[in-house]
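Here is how names work: the chains are called A, B, and so on, in the same order as the sequence lines, proteins then strands, and each is numbered from 1. Being a predicted model, the structure only gives us computed values, none of them experimental.
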Number of protein chains: 2
Amino acid sequence: MATIKEVAKYAGVSVATVSRALNKNGYVSEAAQKKVEEAIKALDYFPNEVARSLYQKRSKMIGLLLPDISNPYFPLLMKGIEENARENGYSVILGNVEEGSKLKQDYMTLFGQQNVAGVLSAVEGTVSQNHSMPIVMLDRVLEEDDYAVYTNDVKGGILAAQAIMDRKPGNVLIIAGPKSVPGSIDRLIGILSVLNPTDVNYEIHQTRSFTIEEAKETAEVIFRKYKKIDSVLASNDLFALAVMKEAQTRGLHIPNDIQVIGYDDIPFSQLVYPGLTTISQPAFKLGYQASDLLIRLINKNKISKKRIKLDPKLMIRDSLRKK
Amino acid sequence: MATIKEVAKYAGVSVATVSRALNKNGYVSEAAQKKVEEAIKALDYFPNEVARSLYQKRSKMIGLLLPDISNPYFPLLMKGIEENARENGYSVILGNVEEGSKLKQDYMTLFGQQNVAGVLSAVEGTVSQNHSMPIVMLDRVLEEDDYAVYTNDVKGGILAAQAIMDRKPGNVLIIAGPKSVPGSIDRLIGILSVLNPTDVNYEIHQTRSFTIEEAKETAEVIFRKYKKIDSVLASNDLFALAVMKEAQTRGLHIPNDIQVIGYDDIPFSQLVYPGLTTISQPAFKLGYQASDLLIRLINKNKISKKRIKLDPKLMIRDSLRKK
DNA sequence: ATCGGGTGTGTAACCGATTACAGTTTTATA
DNA sequence: TATAAAACTGTAATCGGTTACACACCCGAT
């Protein structure tokens, strides 16, 4: 790889002039600009980002902290982030942190050591040690987070509950997501705000994670534990799919014997039979906007909204009964 | 963030001594070592990786090039990579490249500018411009790739085809993956090596991608185009799931009317009804081993095998008929 | 003719680490 | 006790960029 020094030599100018020509700041004569551009082309030169980062005390990278990339909801998020970041000349360092692990602090330290320009985190309790490193929380957001992009989960809960209430439920089972995940609580609040004023029977089954393993377990448990359930509000699509499968295995017909609604709208919801009716979280958009907000913060651009709340949407497929 | 200079001052030694104490090379007296360690703790010092990278002309990062992170096969791969990389003190820069895009060269340049220590790529035709930057190909591997970790796709094809042949197929449909993906061809070779010696009827339907959109389209098309198919060998699980759904929508019973086998064993294959019988690619292990191989290359460690071929496995669930 | 500002350019300091080199002290060996 | 080797330490160069600063030139206004 050629260096700026070699370019300067080839072009017959100083490194300062090359740098100015490259970054188009400061005065550079047309003649010099042209010589530099020729030299760059001739030597196939690309500036070393590491050297830049060192001087600027800030790299063109953003750190991304995710709780579990094997959860299919996150890849979409990542895609949105990656796309926006790339469009803005940033790249993404990946940090995968098992739920509740202490690894998140290690990653934050690492991000600091790498001079990342900012951090996107979907892990609760992410704190910056370095004040010059902005953080935008996404998806899993607390009251106290300054900058955040997330879904209106109360509304999501309401949409899901209304969809069920519109379809004459008998006994409803709510599978509630882990209490450690802020969104789970909001969804439950939304759901209950719809169910409580009615006289519908419901029970709540509490879960501890969003993993596929627990989804499978849970699906088995609920059919033993709760008899005569005919409507299920699941905390995410994984749980919904697991319940559907278990129901079908037990010879129950969906949606006639039991109707199910999910949450997230992961791509697979369309690929099962019957298609899963679910609440769509705009994952790609969430990621894209979060990256956008972070980069605005980095560049100290005007910020219209510190917390961006996106609306979920009801995706009607075939796992609920006809109205 | 504290710098090495501040640590040196606090400890009453030179920066050279601090550096030697940090990296445990060169001579450092016990007294000095202790003073440095105290200073580090007192100032909460972590060495700046960017400065290190600049001097070493190599960072503690590896570049990862993936063709489509929204394909659920890749997150597992990523998880394996991330885990191994982290264990070895490396972090991962993400590069998502739409199939066939020219973006891959941009990313390779970027990786160069970032002084990455090496690159893992699942994108065909990835070439290094910088000889000191080793590349390990994974999953999508060509003959000419020096270092690679991949699945034995011929064997995978054979396993799938045998599973079908063991279960008295009438008319078989092979959904072949895109020709641009090396593995697709091998799978087809494997499948045909089993089918051709028999007198079973089969047809081949060629596809252009592994996307969910094409999977849905294809599922519709094949039921119109190919009548009386009763066994389907899909190029990946997405296509298999789409076919299952379409079949069920048309009132066909799986596996009695039509049996389906997939490829990949993405986590969802367990969550559909009936469970999808498929060929399991050890995605996590693939990623883990690829990272391991790359880091060996980076450290110029002994390498026992330049190309690592992992074996696929038949996962029997319920989408095939009884033997 | 003189002054001032706008242009254009190069030298050198700087970012924060590693390490070559030189100098000093301690220790071991003859 | 002399002497070499080992142990320890600091100064300064280095990695490859950016930019403060100084200097030189050109042009128009006084």
Side-chain angles (χ1 to χ4, degrees), chain A residues 1-37 39-40 43-61 89 109-110 112-117 130 132-133, chain B residues 1-37 39-40 43-61 89 109-110 112-117 130 132-133:
Chain A
M1 292 280 264
T3 70
I4 199 173
K5 228 183 235 170
E6 301 173 60
V7 173
K9 196 169 177 186
Y10 188 100
V13 298
S14 76
V15 292
T17 300
V18 175
S19 178
R20 282 188 287 251
L22 260 172
N23 301 302
K24 308 207 179 306
N25 58 16
Y27 296 115
V28 179
S29 67
E30 264 187 51
Q33 180 78 36
K34 208 178 144 208
K35 279 190 292 179
V36 169
E37 277 165 14
I40 287 175
L43 300 176
D44 194 29
Y45 167 77
F46 289 92
N48 184 316
E49 279 298 333
V50 176
R52 282 183 166 169
S53 305
L54 180 58
Y55 186 87
Q56 316 281 16
K57 297 164 179 275
R58 162 189 300 182
S59 71
K60 280 293 211 176
M61 297 190 298
T109 303
L110 183 87
Q113 294 181 274
Q114 296 284 7
N115 284 9
V116 299
N130 181 337
S132 71
M133 194 169 81
Chain B
M1 291 280 264
T3 69
I4 199 172
K5 227 181 236 172
E6 301 174 60
V7 173
K9 195 170 179 187
Y10 188 101
V13 298
S14 75
V15 293
T17 300
V18 175
S19 177
R20 283 188 287 251
L22 259 172
N23 302 301
K24 307 207 179 306
N25 57 16
Y27 295 115
V28 179
S29 68
E30 264 186 52
Q33 179 79 36
K34 209 177 141 207
K35 279 190 292 177
V36 169
E37 278 165 15
I40 287 176
L43 301 177
D44 192 30
Y45 167 77
F46 289 92
N48 183 316
E49 279 298 333
V50 176
R52 282 184 167 170
S53 304
L54 180 58
Y55 186 86
Q56 313 283 15
K57 295 165 180 278
R58 163 188 301 181
S59 72
K60 280 293 211 177
M61 298 191 296
T109 303
L110 183 86
Q113 294 180 276
Q114 296 284 8
N115 284 8
V116 300
N130 180 338
S132 71
M133 194 170 81

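- The shortest distance between the side-chain N/O atoms of Y55(B) and the OP1/OP2 oxygens of dG17(D) is not below 4.0 Å.
- In this structure, the CG atom of L22(B) is 15 Å from the P atom of dG16(C), given to the nearest Å.
- Listed nucleotides dA17(C), dG17(D), dC15(C) differ in distance to P47(A); the shortest reach to its side chain belongs to dG17(D).
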Mind listing the N/O atom pairs, protein and nucleotides 7-9 of chain C, below 3.5 Å?
unit_1: dT7(C); atom_1: OP2; unit_2: Y27(A); atom_2: OH; d: 3.0
unit_1: dT9(C); atom_1: OP1; unit_2: S29(A); atom_2: OG; d: 2.9
unit_1: dT9(C); atom_1: OP2; unit_2: S29(A); atom_2: N; d: 2.8
unit_1: dT9(C); atom_1: OP2; unit_2: S29(A); atom_2: OG; d: 2.9

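- In this model, the phosphate group of dC15(C) is not approached by any side-chain N or O of N48(B) to a distance below 4.0 Å at OP1 or OP2.
- Atoms CZ (F46(A)) and P (dG16(D)) sit 17 Å apart, rounded to a whole Å.
- Atom-to-atom, CD of Q113(B) to P of dC15(D) comes out at 19 Å; the value is rounded to the nearest Å.
- For the pair R20(B)/N25(B), a side-chain contact is recorded, criterion being any heavy-atom separation below 4.5 Å from C-beta on.
- Atom pair K60(B):NZ and dT18(C):P shows a separation of 12 Å (rounding to whole Å applied).
- Rounded to an integer number of Å, the gap from CZ of R58(A) to C1' of dC15(C) is 14 Å.
- If you check every strand for non-hydrogen atoms under 4.0 Å, E49(B) touches nothing.
- Without hydrogens or angle criteria, E6(A) side chain to T3(A) main chain gives a donor-acceptor distance under 3.5 Å.
- Of all non-hydrogen atoms in Y45(B) and L22(B), the two that sit nearest each other are CE2-CD1, 3.7 Å.
- OP1 or OP2 of dT18(D) sits under 4.0 Å from a side-chain N or O of N23(A).
- A heavy-atom distance below 4.5 Å is not found between the side chains of K5(A) and K9(A).
- Distance CG (N115(B)) to P (dA17(C)): 17 Å, rounded to an integer number of Å.
- Every residue two or more places apart in sequence or in another chain that forms a side-chain hydrogen bond (donor to acceptor under 3.5 Å, both in side chains) with R52(A) is listed here: N23(A), E49(A).
- Of the residues in residues 4-12 of chain A, those placing a heavy atom less than 4.0 Å from an atom of DNA chain D are I4(A), in numerical order.
- For A51(A), whose side chain is taken as the heavy atoms from C-beta onward, the closest listed nucleotide among dG17(D), dC15(C), dA20(C) is dG17(D).
- Across all non-hydrogen atoms, the minimal contact from V7(B) to V36(B) is CG1-O, 4.4 Å.
- Distance, R52(A) CZ to dT18(D) C1': 9 Å, rounded to whole Å.
- For the pair M61(B) and Q114(A), the minimum side-chain heavy-atom distance is below 4.5 Å.
- Nearest approach of A117(A) to S59(A), heavy atoms of both residues: CB-O, 3.4 Å.
- In this structure, the side chains of K60(B) and Q113(A) stay at 4.5 Å or more apart for every pair of heavy atoms.
- When rounded to the nearest whole Å, the span between CD of Q56(B) and C1' of dT14(D) equals 11 Å.
- Of the listed nucleotides (dG16(D), dG10(D), dA17(C)), dG16(D) has the atom at the smallest distance from the side chain of T3(A).
- Contact of the F46(A) side chain with the L110(B) side chain is not registered, since no non-hydrogen atoms from C-beta on lie closer than 4.5 Å.
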